[in-house]
Novice: 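What follows is a structure written as structure tokens; I'll ask about it next.
None of these values were measured; they are calculated from a predicted model. Residue numbers run from 1 in the order of the sequence given.
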Amino acid sequence: MTDRIAGRAARIETCLRDHLSPVELRVHDDSARHAHHVGIRDNGVQAGESHYNVLVISDAFSDMSRVQRSRLVHELLAAEFAGGMHALSLTLRTPAEHARMAIQ
């Protein structure tokens, strides 16, 4: 499957898997909840390709602040933002952090 054929969610998943080797990765398209936004209507972004919720659990985030993690993911997905992606909600954790969250 080429990038032109693959949907944005698949491209996001491939990019994050290739660069972060996550133990868990979830990419949820949340675009339908934002279909009323002016940018969605005006810039030609197709429904289902503008807003995402992403969970990445990876050792690559060890020794990084929350801001550094977010910047890294935004840099990795810069082409998607340039191509019309509007918003990205991120949950970025190490496996140890994620395990602690499960205990609470």
Novice: For the residue pair P22 and L16, what are the closest heavy atoms and their distance?
Specialist: CD-O, 3.7 Å
Novice: Using side-chain heavy atoms (C-beta onward) and a distance below 4.5 Å, is L77 in contact with C15?
Specialist: yes
Novice: Restricting to ring pair (Phe, Tyr, Trp, His ring centres under 6.0 Å), what partner residues turn up for H28, sequence neighbours left out?
Specialist: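 By the ring pair (Phe, Tyr, Trp, His ring centres under 6.0 Å) rule, H28 matches no residue at all.
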Novice: Answer yes or no: does atom CZ of R66 have more than 12 heavy-atom neighbours from other residues, nucleotides or ligands under 6.0 Å?
Specialist: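 No.
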Novice: Less than 4.5 Å apart, side chain to side chain, heavy atoms only: is that true for L88 and V73?
Specialist: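 Result yes, sub-4.5 Å side-chain heavy-atom pair found.
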Novice: How long is the span from the CG atom in D18 to the CD atom in E13, to the nearest 0.5 Å?
Specialist: 10.0 Å
Novice: Check the hydrophobic clustering (I, L, V, M, F, W, Y; side-chain heavy atoms under 4.5 Å; chains of links allowed) and say if F81 and L92 are grouped together.
Specialist: yes
Novice: Yes or no on side chain to side chain contact (heavy atoms under 4.5 Å, CB included) for V54 and L25, after CA distance, side-chain angles and deciding distance?
Specialist: CA-CA 7 Å; V54 176; L25 173 62; 4.2 Å; yes
Novice: Could you pull out every donor-acceptor pair under 3.5 Å between side chains of residues 55-64 and any protein atom, sequence neighbours left out?
Specialist:
| unit_1 | atom_1 | unit_2 | atom_2 | d |
| --- | --- | --- | --- | --- |
| S58 | OG | L20 | O | 2.5 |
| S58 | OG | A60 | N | 3.0 |
| S62 | OG | D59 | O | 3.0 |

Novice: Please report the shortest heavy-atom distance between M85 and R8, naming the atom on each side.
Specialist: N-NH1, 3.1 Å
Novice: Looking at NE2 of H98 and CE of M101, how far apart are the two atoms once the value is rounded to the nearest 0.5 Å?
Specialist: 8.5 Å
